[in-house]
Protein chains: 2
Amino acid sequence: MNSYTEENYLKAIYKLVEQDGEAVSTNAIAEKMNTKAASVTDMLKKLSDKKFINYQKYQGVTLTAKGEKTALIIIRKHRLWEMFLVEKLNFKWDEVHDVAEQLEHINSDKLIEQIDKFLNFPKTDPHGDPIPDANGKLLTPKSKPLSAFNVSDNCLMMGVVDHSPSFLQYLDKMNITLGNEIKIKDIVEFDKSLQIIVNKKQTFFISNDVAKNILVKTK
Amino acid sequence: MNSYTEENYLKAIYKLVEQDGEAVSTNAIAEKMNTKAASVTDMLKKLSDKKFINYQKYQGVTLTAKGEKTALIIIRKHRLWEMFLVEKLNFKWDEVHDVAEQLEHINSDKLIEQIDKFLNFPKTDPHGDPIPDANGKLLTPKSKPLSAFNVSDNCLMMGVVDHSPSFLQYLDKMNITLGNEIKIKDIVEFDKSLQIIVNKKQTFFISNDVAKNILVKTK
DNA sequence: AAATAAATTTAGATTAGTCTAAAAATAATT
DNA sequence: AATTATTTTTAGACTAATCTAAATTTATTT
Ligand SMILES: [Mn+2]
Ligand SMILES: [Mn+2]
Ligand SMILES: [Mn+2]
Ligand SMILES: [Mn+2]
């Protein structure tokens, strides 16, 4: 099998490629992994030998089909565990990530398929992120940041961009949760901040920065 | 924190001390850990520096209070996870050990206390082994091997000594499960094999070796 | 097109955990 | 009590993952 470290590198590379849509740099990986570029270069050689990535010196890396599938299976495990923690063990959505970072490396096909079944085959995790299937296939939901919508648009809260506990706790305080209806009442010309109505009840002011990190679709 | 490897050494030492009731040897640890004596010596130095064990060259080792508590917390996690797998995820008692060997190293107090609550605070694991409490306190149940009982004794199945899948599967085939009533109908003089009646229904012949590995108490 | 800056790779060390082979200490036999 | 056998420790080496510092390559400026 692959080491805990190899799995984390694959996941980091997957997320960077997904985000940037092109070959990712040694430095970008180093930053994401909280390590040094020299360490990354060593690992890239190993992952390349194992056919997980396409790598040529100085040219950046992409994942091979094998590498992408491996990364997606780890992401599947991460998101299923997060869902389990929230649905069955009373964790809040801002508490699950660090534990899931450990649990995602547990190696047992039966375990993860039983967790999936136990949760009744959820499609998304507690943050609205889609859960890849057992073959590593992922359906990307077509949501966009709230900041891309206009006054009087009526939206459905689908997910978050920023996953940090502090952002998630801020949303809790505003009573903004997955599935909520968010209607844009006003957009301030000066700073693009928004006045929104959540579930036809509460009215809030949120900054454009916040709106950029809330994913919605038209209702 | 302590590494995965350190935790496994502590657990091995705990089990050997419990079994033999005295200081354990480097070789015994090496055998249990599937490693070499030289490697064990290195690790003993480290565990001693960290005050987990009492160690003097050539004299064998015992656990300090700190080491014992640490070992028992790991055993607590192992047994709670085994219980979770059986009770909630449809694992059989012969399938849980290897997965629990991984899960026992997950580091999250909230996780393990929520699992405990979710299972309604079980006292024993799927093999009848007692689950230490959150402080590492363990109540040893007073059961004895079936081989220590006599003809016409009526017993309650409490646990197993051997935890191997093959032994557990053999018990499944005989329909012998935790909580069953086992009455000794006859003991063969020649080889000490037993004729037993399980739950007042089925009669089986089992070898003395098997009887030594079934833990029971008088009903 | 040179010169300079930035990114990346290589070289050489370090740490945890492991190993083999040799040395030292303890235990068992004669 | 001396010899032999067993156990344990030490010495030195290896791998995975990491680091710093230096060398090399690529990108950006002048
Ligand atoms: Mn997460
Ligand atoms: Mn998530
Ligand atoms: Mn077990
Ligand atoms: Mn058990």
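Chain A is the first sequence line, chain B the second, and so forth, proteins listed ahead of strands; every chain is numbered from 1. The structure presented is a predicted model; accordingly, all values stated were derived computationally and were not measured.
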task: Determine, stepwise, if the pair B:Asn54 / B:Thr62 fulfils side chain to side chain donor-acceptor pair (under 3.5 Å).
output: CA-CA 5 Å; B:Asn54 306 114; B:Thr62 55; 3.1 Å; yes
query: Do B:His97 and B:His127 pass the side chain to side chain donor-acceptor pair (under 3.5 Å) test, and can you show the C-alpha distance, the side-chain angles, and the key distance before you say yes or no?
result: CA-CA 10 Å; B:His97 182 75; B:His127 311 105; over 6 Å; no
message: As a quick check of understanding, evaluate side chain to side chain donor-acceptor pair (under 3.5 Å) for A:Asn27 and A:Ser25, giving each step before the final call.
response: CA-CA 5 Å; A:Asn27 267 352; A:Ser25 70; 5.9 Å; no
message: Show, in sequence, the C-alpha distance, side-chain angles and deciding distance for A:Asn2 and A:Glu7, and conclude whether the side chain to side chain donor-acceptor pair (under 3.5 Å) test is met.
response: CA-CA 7 Å; A:Asn2 316 307; A:Glu7 292 193 348; 4.8 Å; no
Each nucleotide N or O in nucleotides 21-27 of chain C that has a protein N or O under 3.5 Å away: list the pair and distance.
| residue | atom | partner | partner atom | Å |
| --- | --- | --- | --- | --- |
| C:dA25 | O4' | B:Tyr58 | OH | 3.3 |

Output side-chain donor-acceptor pairs under 3.5 Å for residues 156-167 of chain A, partner residues at least two apart or in another chain, one line each.
| residue | atom | partner | partner atom | Å |
| --- | --- | --- | --- | --- |
| A:Asp162 | OD1 | A:Ser164 | N | 2.6 |
| A:Asp162 | OD1 | A:Ser164 | OG | 2.8 |
| A:His163 | ND1 | A:Val161 | O | 2.9 |
| A:His163 | NE2 | A:Asp129 | OD2 | 2.6 |
| A:Ser164 | OG | A:Ser166 | OG | 3.4 |
| A:Ser164 | OG | A:Phe167 | N | 3.3 |

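Summarising the geometry, the separation between CG on B:Asp42 and P on D:dG12 is reported as 14 Å, rounded to the nearest angstrom. Protein atom CE of A:Met43 is 14 Å distant from nucleotide atom C1' of D:dC19, rounded to whole Å. Atom pair B:Leu44:CG and D:dT10:C1' shows a separation of 14 Å (rounding to whole Å applied). Atom CD in A:Gln56 sits about 15 Å away from atom P in C:dT8, given to the nearest Å. The CE-P distance, from B:Met33 to C:dT18, rounds to 6 Å in whole Å.
For A:Thr35 and D:dT18, the shortest distance from a side-chain N or O to OP1 or OP2 is not below 4.0 Å. Distances shown here put every side-chain N or O of B:Lys45 at or beyond 4.0 Å from the OP1 or OP2 atom of D:dT9. Taking side-chain N and O atoms only, A:Lys36 has a distance below 4.0 Å to OP1 or OP2 of D:dT20. For the pair B:Asn27 and D:dT6, the criterion of a side-chain N or O lying under 4.0 Å from OP1 or OP2 is not met.
Among the atoms of the strands shown, base atoms are found under 4.0 Å from some heavy atom of A:Thr41. Residue-level contact check: A:Thr5 touches the backbone only, with heavy atoms under 4.0 Å from sugar-phosphate atoms and none from bases. Residue contacts for B:Tyr55: at a heavy-atom cut-off of 4.0 Å it reaches the sugar-phosphate backbone alone, with no base atom in range. In this structure, B:Thr26 reaches the sugar-phosphate backbone alone: every heavy-atom distance under 4.0 Å involves primed, P, OP1 or OP2 atoms, never a base.
The closest side-chain donor-acceptor pair between B:Trp93 and B:Asp172 falls under 3.5 angstrom.
You'll find the ring centres of A:Phe84 and B:Phe84 inside the 6.0 Å limit.
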